Every structure is written in structure tokens, then in C-alpha cells.
Amino acid sequence: MSTLSHIANTVAQQAGEALTADEQKSIAGASGAGMAYGLGAIGPGIGIGYLVGQAVQAMARQPESAGQVQTTMFLGIAFTEALALIGFVVFILLKFV
Amino acid sequence: MSTTPVNPLTTSIEGPAPAMEIAVDMAKRAKWLVPLAAVVGGFWGVEGIASAGYAVVVVVVNFLLAAWLLATTGRISFALMAGAALFGYLLRLGLIFGAVMLVRNASWVEMVPLGIMLIVTHLGLLFWELKYVSGSFAYPGLKPKPVSATSDVDHAAAEAA
């Protein structure tokens with residue numbers, strides 16, 4: 001976040017103009033929002049990959065229980081995805097409110 | 001113990017698609033969240049109610065799309081289903097992002113109730129559905145016994161017969 005602000009400051013200084021406090025706040029808000037969304041999406045991505053991998057393995061081992069495994073898998077995916085959704089909501093609240 | 005190797009590229013799921021049934025079930029239950037959306041959005045006026053309702057629609061469409069992707073690709077192969085789960089996750093996050101960005105400057109949109117209802121609807125519908133799914137998994141064990149006016153002696157006699 002501070003790196004992005006530093007880059008923006010450097011670019012502005014080279015262009016011969018200083019960033020105002022509002023502009024700096026806006027840059028910090030935007031980069032913070034982007035990090036909240038981006039980092040918030042990594043964990044669920046790993047979780048969904050692991051979850052589906054294990055579910056596929058379970059269905060391959062016991063095809064007769066595929067229905068139960070699919071049900072659990074779908075709910076697990078949706079619950080894991082809730083974390084990413086929370087990251088997204090933090091993003092829109094930081095960026096647009 | 002020997003096991004037959006299964007090729008995930010060629011093995012597919014046969015039979016009913018429970019994911020789609022669950023998603024349709026959740027879509028039906030979403031109508032009970034409309035009053036909640038009205039209450040939450042009501043703090044921000046008419047715009048808040050419209051935004052909260054929009055969030056409910058976005059979440060329901062997201063669930064239906066996820067279930068459709070899993071059900072459709074599961075009928076082709078396990079490997080494709082795994083790919084659809086992961087890339088579908090990215091796709092659906094992108095679609096939610098696009099759906100919110102599309103309306104963010106509209107006059108009827110308030111971001112705070114939209115964000116709150118996105119999370120509340122998503123988790124609310126999931127926990128609600130989880131209750132029914134848990135009950136159906138434990139069906140024989142948790143099945144309530146029929147209540148009758150007969151005495152314990154009658155029950156014992158019936159069981160003995």
C-alpha cells in the first residue's frame with residue numbers, strides 16, 4: 001500500500017506537482033481496497049481447490065456415495081466462497097463509501 | 001486390498017445432480033429474505049431497499065450458476081468438474097464484481113446495504129440449507145417416531161408381534 005503511494009508521489013514529483021492530502025488518501029484507499037479483495041480471494045481459492053480434489057477422490061473411491069459427496073462439496077464451496085465475498089464487500093466499502 | 005484405478009478424465013457422475021437441487025431450493029427460500037432486505041435497506045430509504053433486493057438477486061444467481069456449472073461438467077468428467085469449480089470461482093467472483101460495478105453509479109444504489117445483504121443472504125441461505133441437508137443425511141437416525149396415544153405395553157406387544 002505504501003509502495004503504491006510512494007510510486008504515485010514519485011510520479012507526481014517528476015511531473016512537477018505535489019499530491020494533495022485528498023489525493024494521497026484516495027490512493028491509499030484504492031490500494032488498500034485492492035489488497036483486501038486480492039488477498040481475500042487467495043485463501044478461498046486454495047480451500048476450494050483442496051475441497052474439490054478431496055471430493056473427486058472420494059467419489060472415485062466410492063461412486064455409490066457420489067450424491068452425498070456432491071452435496072457436501074457444493075455447500076463447502078459456497079461456505080468457502082463466503083470469505084471471498086466478505087473481502088469483496090470490504091473492497092466496495094473502502095473504495096466507494 | 002486392491003482397488004481399480006479410476007481415470008478422472010474419463011469418469012463422470014451419473015444419477016441425479018444434488019447441487020442443482022440445493023441451489024433451486026435456496027432460490028425458493030430466498031423469497032423469505034425479501035422482508036429482511038426491506039428492513040436492512042429501509043435504514044437507507046428506498047434506494048437502500050432496492051440495493052438490498054439487488055444483492056439478494058446477485059447471490060441467488062451466483063448459487064444457481066455455481067450449481068449449473070458443477071452439475072453440467074460433472075456429467076462430462078471429474079477433472080472437468082474440478083476445473084469448473086476453480087475457474088468457476090474466478091468467473092463468478094468476476095461476475096459479482098461486474099454486477100456491482102455496473103450499478104455503482106446508478107441513482108438507486110446504496111453501497112452499504114448492498115454489501116451487507118450480499119454477505120447476509122449468502123451465509124443466511126447456506127446455514128438455512130445446511131439444516132435441511134444435515135437432517136436428510138441423518139434421515140434414518142433422526143427420523144421422529146410417530147406419536148400415538150397407545151401405551152408402552154401396547155408398543156411392546158406390537159414389537160413382539
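Just so it is clear: chains get the letters A, B, ... in the order the sequence lines come, proteins before strands, and each one is counted from 1. No experiment lies behind these values; they were computed from the predicted model shown.
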Subject >> Interchain contact, A/Phe88 with chain B, by part (heavy-atom threshold 4.5 Å) >> reply: side chain
Subject >> Hydrophobic cluster membership, A/Leu83 vs A/Ile42, 4.5 Å side-chain cutoff >> reply: no
**OP:** Would you give the length of the straight line joining atom OG1 of A/Thr71 to atom CD of B/Glu21, rounded to the nearest 0.5 angstrom?
**Re:** 8.0 Å
Original post:
Do B/Met81 and A/Met59 come within less than 4.5 Å of each other through their side chains, counting heavy atoms only?
Top reply: yes
Subject >> Nearest-0.5 Å distance, CG of residue B/Leu114 to CG of residue A/Leu93 >> reply: 9.0 Å
Original post:
Given the rule that I, L, V, M, F, W and Y join up when any side-chain heavy atoms are under 4.5 Å apart, are A/Val69 and B/Leu86 in one cluster?
Top reply: yes
**OP:** Indicate if B/Leu80 and B/Leu90 have the same hydrophobic cluster label, given that clusters are the connected sets of ILVMFWY residues with side-chain heavy-atom separations under 4.5 angstrom.
**Re:** no
Original post:
For B/Val100, is it the side chain, the backbone, both, or neither that has a heavy atom closer than 4.5 Å to a heavy atom of chain A?
Top reply: side chain
Original post:
Do you know which of A/Leu85, A/Leu51, A/Ile77 has the most heavy-atom pairs under 4.5 Å to chain B?
Top reply: A/Leu85
Original post:
With side chains defined as the heavy atoms from C-beta onward, is the minimum distance between B/His122 and A/Glu81 less than 4.5 Å?
Top reply: yes
Subject >> B/Phe78 side chain reached by A/Gln57 side chain, heavy atoms, under 4.5 Å >> reply: no
Subject >> Neighbour count above 12 (heavy atom, 6.0 Å) for B/Trp108 CH2 >> reply: yes
Original post:
Would you say B/Tyr89's side chain and A/Ala41's backbone share a donor-acceptor pair under 3.5 angstrom?
Top reply: yes
Subject >> Mutual orientation of the aromatic rings belonging to B/Phe97 and A/Tyr37 [parallel < 30°, tilted 30-60°, perpendicular > 60°] >> reply: parallel
**OP:** State, yes or no, whether a side-chain contact exists between A/Leu75 and B/Ile22 at a heavy-atom distance under 4.5 Å.
**Re:** yes
Subject >> For A/Val52 against B/Ala85, the heavy-atom pair lying closest together >> reply: CG2-CB, 3.5 Å
Original post:
Tell me, side chain or backbone of B/Ala79 under 4.5 Å from chain A's heavy atoms, or both, or neither?
Top reply: neither
Subject >> Same apolar cluster: B/Phe43 and B/Tyr54, side chain cutoff 4.5 Å >> reply: yes
Subject >> Which portion of B/Leu70 sits near chain A, non-hydrogen atoms under 4.5 angstrom >> reply: side chain
**OP:** Kindly work out whether a path of hydrophobic side-chain contacts (I/L/V/M/F/W/Y, heavy atoms less than 4.5 Å apart) joins B/Val61 to B/Leu125.
**Re:** no
Subject >> B/Trp128 atom CH2: more than 12 heavy-atom contacts under 6.0 Å >> reply: yes
Original post:
When rounded to the nearest 0.5 angstrom, what is the spacing between CE in B/Met26 and CZ in A/Phe74?
Top reply: 4.5 Å
Original post:
How close do A/Ala82 and B/Leu123 get, heavy atom to heavy atom, and via which atoms?
Top reply: CB-CD2, 3.6 Å
Subject >> Partner chain B: residue of A/Pro63, A/Pro44, A/Ala66, A/Gly67 with the largest heavy-atom pair count (under 4.5 Å) >> reply: A/Pro44
Original post:
How long is the gap from CE on B/Met111 to CZ on A/Phe96, to the nearest 0.5 Å?
Top reply: 5.5 Å
**OP:** Please report the shortest heavy-atom distance between A/Val56 and B/Ala82, naming the atom on each side.
**Re:** CG2-CB, 4.5 Å
Subject >> Considering all heavy atoms, the nearest A/Val89-B/Gly115 contact >> reply: CG2-O, 3.5 Å
Subject >> Reported CD1-to-CG distance for the pair A/Ile86 and B/Leu118, which is rounded to 0.5 angstrom >> reply: 11.0 Å
